[in-house]
Protein chains: 2
Amino acid sequence: MADTQTPGGQTLLFLTDEQLRKGIEAMFFAYRGFTADPDRILDEYRLGRAHHRALHFISRAPGTTVNNLLSILGVTKQSLNRVLRTLIDDGLVESRVGTRDKRERHLFLTESGTALEQELSTAQRERMRQAYREAGPEAVQGFRTVLEAMMDPELRHHFNRAKDSSDE
Amino acid sequence: MADTQTPGGQTLLFLTDEQLRKGIEAMFFAYRGFTADPDRILDEYRLGRAHHRALHFISRAPGTTVNNLLSILGVTKQSLNRVLRTLIDDGLVESRVGTRDKRERHLFLTESGTALEQELSTAQRERMRQAYREAGPEAVQGFRTVLEAMMDPELRHHFNRAKDSSDE
DNA sequence: GTTTTATGTCAGCGTTGTTGACTTTCCAAG
DNA sequence: CTTGGAAAGTCAACAACGCTGACATAAAAC
């Protein structure tokens with residue numbers, strides 16, 4: 001990767017379109033791998049990626065409201081509602097009317113919801129762990145740094161929300 | 001990132017579930033940013049991401065066959081066919097019957113197809129360039145390494161196909 | 001106490017993925 | 001030269017998951 005130091009010490013990158021295109025393709029192919037294992041499991045349950053995302057974030061923040069989930073997932077409430085309906089009908093998620101504000105619904109994973117989320121998460125974590133192992137610790141640091149820089153500022157906010165209780 | 005050296009010199013990574021989950025969320029949020037700019041442009045043309053992917057890989061390998069595109073994109077021919085039909089009807093892609101093997105169709109971008117591909121690619125490359133600039137050269141190297149490790153071996157093959165004429 | 005805002009639900013539509021059945025074209029092996 | 005099979009395309013139906021619009025209800029604001 002071509003780079004030089006300015007007299008001021010700032011690192012400059014000279015990035016060809018070709019290098020950037022390879023990065024774009026890497027994202028495309030890697031994302032396919034990233035979702036492949038959960039997708040296989042979801043098929044067995046007749047669920048899709050949207051259900052996985054909902055399970056993931058409900059698991060991360062039990063009792064979260066529909067509205068909060070909405071802003072994290074970046075879809076319309078109607079779209080999320082259909083997904084939640086399926087999950088509730090399947091007994092994977094429980095929706096409790098808010099005590100302070102009865103308009104709100106607080107979302108929790110049921111026992112079987114927790115089990116499925118674990119199954120999905122384990123498969124995806126194993127893929128991630130394997131990739132991290134192959135790549136090595138400095139690569140992982142770089143990976144995370146570039147991904148964070150690629151996010152929309154608004155989304156980065158959601159990402160960093162739970163970061164405190166994390167790895168650094 | 002926790003890591004130690006074994007007496008043998010191999011680097012071991014101790015990765016908590018929490019660290020891996022953050023990596024998973026980073027992929028999720030970053031991919032949203034990654035596709036956000038092209039999605040906005042595609043909306044104006046009443047096209048979707050599937051069309052963008054087809055344009056990208058036809059642009060990368062002009063004259064590629066439908067079958068080759070199929071194995072790269074990993075969708076069914078029926079699904080790809082609908083996308084190609086739209087692109088051909090819109091005058092963005094040209095399909096030429098093969099000379100050596102007349103069963104094959106070779107795909108090329110038209111002038112306006114090239115223009116749209118450029119517009120999409122430029123938007124996406126700018127996002128990528130910005131992220132690379134923010135993260136710095138070592139981070140970029142790590143990013144690419146982890147992404148490649150995350151791919152399915154079969155997909156990695158497609159990725160490396162055009163790598164020779166690339167950056168290393 | 002009526003209006004406005006927030007939240008969630010129901011109905012319907014578009015894109016893009018899927019499978020299955022079928023036809024046409026054409027290369028190549030027998 | 002015929003036939004088997006690969007490549008490409010079409011039609012139909014369906015599922016997942018985005019979207020908009022219309023609407024009910026709860027809470028807040030006036």
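Remember, predicted model here, so these are calculated numbers, not experimental data. The sequence lines fix the lettering, A, B, ..., with proteins before strands; numbering per chain opens at 1.
Among the protein residues, H51(B) comes within range of the sugar-phosphate backbone only, with heavy atoms under 4.0 Å from sugar or phosphate atoms but none that close to a base. Within 4.0 Å of G74(B), counting heavy atoms only, lie sugar-phosphate atoms of the nucleic acid but no base atom. No contact: R46(B) has no heavy atom under 4.0 Å from any strand.
On a pure distance criterion of 3.5 Å, a polar donor-acceptor pair joins the side chain of Q78(B) and the base of dG20(C). Side-chain atoms of R82(B) and base atoms of dG17(C) include a donor and an acceptor less than 3.5 Å apart.
Between the CG atom of D39(A) and the C1' atom of dA15(D) there is a distance of 14 Å, given to the nearest Å. Residue N68(B) contributes atom CG, which lies 15 Å from atom C1' of dA8(D) at whole-angstrom precision. Atom C1' of nucleotide dG18(D) and atom CZ of R32(B) are separated by 12 Å, given to the nearest angstrom. Here dT20(D) presents its P atom at 15 Å from CG of L80(A), a figure rounded to the nearest Å. Rounded to an integer number of Å, the gap from L70(A) CG to dT7(C) C1' is 10 Å. Here the C1' atom of nucleotide dG8(C) and the CG atom of D101(A) are 12 Å apart, to the nearest Å. In this structure, CZ of R49(A) is placed 11 Å from P of dT18(C), rounded to the nearest angstrom. For the pair D43(B) CG and dG14(C) P, the interatomic distance rounds to 15 Å; values are reported in whole Å.
For A50(A), counting side-chain heavy atoms from C-beta on, the closest listed nucleotide (dG8(C), dA27(D), dG18(D)) is dG18(D). Listed candidates were dC19(D), dT7(C), dG8(C). Nearest to the side chain of R103(A) is dT7(C). Ranking dT16(C), dC19(D), dA8(D) by closeness to the K77(B) side chain, first place goes to dA8(D). Distances were taken from every side-chain heavy atom of V75(B) (C-beta onward) to each of dA8(D), dT18(C), dG18(D); the shortest belongs to dT18(C). Among dA27(D), dA8(D), dG17(C), the nucleotide with an atom closest to any side-chain atom of K102(A) is dA27(D).
The phosphate of dC19(D) (OP1 or OP2) has a side-chain N or O of T76(A) nearer than 4.0 angstrom. Distances shorter than 4.0 Å separate none of the side-chain N or O atoms of N81(B) from OP1 or OP2 on dA8(D). In this model, the phosphate group of dA8(D) is approached by a side-chain N or O of N67(B) to a distance below 4.0 Å at OP1 or OP2.
Taking the side chain as every heavy atom from C-beta outward, I24(B) and R127(A) never approach each other to under 4.5 Å.
In this pair, F34(A) and Y31(A) present their aromatic rings tilted. The plane angle is within the 30 to 60° band. Ring orientation note: the planes of F29(A) and F57(B) are tilted relative to one another, at an angle of 30° to 60°.
Residue-to-nucleotide proximity on DNA chain D shows that, of R105(B) and L47(A), the 5′-proximal contact is made by R105(B). Take the nearest nucleotide of DNA chain D for S95(B) and for R100(A): the residue whose nucleotide is more 5' is S95(B).
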For this session: Evaluate the side chain to side chain contact (heavy atoms under 4.5 Å, CB included) criterion for residues R96(B) and E94(B): first the C-alpha distance (whole Å), next the side-chain angles of each, then the deciding distance (0.1 Å), finally the verdict.
Result: CA-CA 6 Å; R96(B) 296 185 203 151; E94(B) 193 191 344; 3.3 Å; yes

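Of the possible donor and acceptor atoms, none in the side chain of N68(A) sits under 3.5 Å from a partner among the backbone N and O of T64(A).
Counting all heavy atoms, side chain and backbone alike, A131(A) lies closest to V146(B) at CB-O, 4.1 Å.
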